[in-house]
Amino acid sequence: VVSYNNLILGHCRKGDMDVANSLFLEMIEKGLKPNVITYSVLMDGYFKKGDTERGFDVFDQMVGVNIVPTDFTFNTVINGLCKVGRTSEAKEMLKNFVERGFIPICLTYNSIIDGFVKEGAINSALSVYRGMCESGISPNVVTYTSLINGFCKSNNIDLALKMLNEMKSKGLELDVMAYCTLIDGFCKRRDMESARELFSELREVGLSPNIVVYNSMISGFRNLDNMEAALDLHKKMINEGIPCDLQTYTTLIDGLLKDGKLPLASDLYSEMLSKGIVPD
RNA sequence: CGUCUACGAUGCGGGG
């Protein structure tokens with residue numbers, strides 16, 4: 001059964017749900033009894049593909065053969081619903097699951113909070129955050145990053161910074177992704193001064209900027225038609241050995257073209273191709 | 001302590 005589970009898992013991760021399902025049927029034919037992990041893996045595969053209905057079919061099937069869902073199973077369902085924009089449903093189901101003995105963890109709430117953020121329902125996200133705190137579960141850096149991202153995306157940098165302070169007051173440290181979220185927030189509102197400050201701070205606390213941080217900054221400068229600064233960052237990336245990706249190049253090339261710098265743009269295009277990056 | 005949930009950040013263009 002474990003071997004089959006691993007095989008099925010592999011295909012689910014690749015998105016080959018048809019193959020995964022035939023393996024599932026095959027194991028039953030051989031007289032093997034799928035366990036809770038088999039069902040959870042399959043469900044997760046369907047959810048990740050956006051096939052929520054089939055995911056629930058598997059869930060029902062599992063319950064039908066008297067296999068008791070574990071916390072993994074419940075988290076899989078909640079996460080799956082949140083990912084496809086059915087966060088309210090997920091929140092309702094959570095109540096239901098809790099009655100069945102499920103104990104939510106930070107991850108559970110983070111999924112729901114992020115789901116609401118992605119739906120643009122920052123207030124719902126906030127209220128889940130409050131509920132989570134009230135039930136004694138400590139938010140982590142992921143929780144705060146989602147909320148900060150939500151406030152940045154809804155043009156509310158003040159509240160984003162307020163969440164940042166709340167996070168710090170709990171003794172949590174920013175990681176690269178948290179910095180990146182904030183940096184991107186400032187870049188989007190074309191406040192490159194603040195973005196730069198955070199960029200420096202990131203290094204001061206001993207972290208290293210990654211490709212996403214650079215891409216955000218480059219994009220920010222591009223939006224201000226400051227291609228000198230953008231190209232400067234590109235140089236830095238190369239010096240630091242951070243590989244540029246398709247996004248880096250499209251941002252730079254697009255900016256250069258809008259700036260009438262065709263020769264530079266075409267140099268970058270060649271550089272990109274020479275690195276084996278294929279344009280989309 | 002055999003297998004499953006890890007949740008957060010970035011571009012351009014197009015469509016609506």
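Proteins come first, then strands; the chains are lettered A, B, ... in the order of their sequence lines, and each starts at number 1.
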For residues 25-35 of chain A, please give each side-chain donor-acceptor pair under 3.5 Å, one per line with the distance, not counting sequence neighbours.
unit_1: A/E26; atom_1: OE2; unit_2: A/Y4; atom_2: OH; d: 2.6
unit_1: A/K30; atom_1: NZ; unit_2: A/Y4; atom_2: OH; d: 3.3
unit_1: A/N35; atom_1: OD1; unit_2: A/N5; atom_2: ND2; d: 3.3
unit_1: A/N35; atom_1: OD1; unit_2: A/I37; atom_2: N; d: 3.0
unit_1: A/N35; atom_1: OD1; unit_2: A/T38; atom_2: N; d: 3.0
unit_1: A/N35; atom_1: OD1; unit_2: A/T38; atom_2: OG1; d: 2.9

_Qualifying ring pair (Phe, Tyr, Trp, His ring centres under 6.0 Å) pairs, either residue in residues 228-249 of chain A, two or more places apart_ =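 Qualifying pairs, neighbours excluded: A/H234-A/Y249.
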Who pairs with [X] by salt bridge (charged side-chain N to carboxylate O under 4.0 Å, His left out), at least two apart in sequence or on another chain?
X	result
A/E89	A/R86
A/K91	none
A/K168	none

*asked:* With no hydrogens and no angle check, just 3.5 Å: does a side-chain donor-acceptor pair link A/D267 and A/S270?
replied: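 Distance-only check fails for A/D267 and A/S270.
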*Walk me through it: do A/N149 and A/K153 pass the test side-chain hydrogen bond (donor to acceptor under 3.5 Å, both in side chains)?*
CA-CA 6 Å; A/N149 184 35; A/K153 295 272 150 56; 2.7 Å; yes
Only distances under 3.5 Å count here; give the side-chain donor-acceptor pairs of residues 72-79 of chain A to other protein atoms, sequence neighbours excluded, each with its distance to 0.1 Å.
unit_1: A/T73; atom_1: OG1; unit_2: A/S40; atom_2: OG; d: 3.1
unit_1: A/T73; atom_1: OG1; unit_2: A/T70; atom_2: N; d: 2.9
unit_1: A/T73; atom_1: OG1; unit_2: A/T70; atom_2: O; d: 3.3
unit_1: A/T73; atom_1: OG1; unit_2: A/T70; atom_2: OG1; d: 3.1
unit_1: A/N75; atom_1: OD1; unit_2: A/T108; atom_2: OG1; d: 2.7
unit_1: A/N75; atom_1: ND2; unit_2: A/D71; atom_2: O; d: 3.2
unit_1: A/T76; atom_1: OG1; unit_2: A/F72; atom_2: O; d: 2.8
unit_1: A/N79; atom_1: OD1; unit_2: A/S111; atom_2: OG; d: 3.0

*asked:* For chain A and RNA chain B, what are the first and last nucleotides along the strand, 5' to 3', with at least one atom under 4.0 angstrom from a heavy atom of the protein chain?
replied: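 Nucleotide range in contact with chain A: B/G2 to B/G13.
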*Does the ring centre of A/Y46 sit less than 6.0 Å away from the ring centre of A/F56?*
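Ring centres of A/Y46 and A/F56 not closer than 6.0 Å.
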_Side-chain cluster (under 4.5 Å, hydrophobic types only) that A/L107 belongs to, other residues_ =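 Answer for A/L107: A/I105.
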*How about A/L94 and A/P104: do any of their side-chain heavy atoms sit closer than 4.5 Å?*
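Sidechains of A/P104 and A/L94: in contact.
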Looking across every strand, which nucleic acid part, if any, lies under 4.0 Å from [X] by heavy atom: base, sugar-phosphate, or nothing?
X	result
A/D245	nothing
A/V41	sugar-phosphate
A/L107	base
A/V117	nothing

*Pair listing, salt bridge (charged side-chain N to carboxylate O under 4.0 Å, His left out) test, anchored in residues 13-25 of chain A, at least two apart*: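 Non-adjacent pairs meeting salt bridge (charged side-chain N to carboxylate O under 4.0 Å, His left out): A/K14-A/D16.
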*Taking a hydrophobic cluster as the set of Ile, Leu, Val, Met, Phe, Trp and Tyr residues connected by side-chain heavy atoms closer than 4.5 Å, whether directly or through intermediates, do A/L174 and A/L207 fall within one such cluster?*
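Yes: a chain of side-chain contacts under 4.5 Å links A/L174 to A/L207.
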*Can you sort out which residues in residues 209-218 of chain A have a heavy atom within less than 4.0 Å of RNA chain B? Ascending by number, please.*
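Within residues 209-218 of chain A, the residues near RNA chain B are A/N210, A/V212, A/N215, A/S216.
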*Within residues 247-268 of chain A, find the residues that approach RNA chain B with a heavy atom at under 4.0 Å, and present them sorted by residue number.*
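A/Q247, A/T250, A/T251, A/D254, A/K258 - these, ordered by number, are the residues of the stretch whose heavy atoms sit under 4.0 Å from the strand.
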*According to the Watson-Crick and G-U wobble definition with distances under 3.5 Å, which dot-bracket string, read 5' to 3', encodes RNA chain B, using [ ] for crossing pairs and | for pairs with another strand?*
................
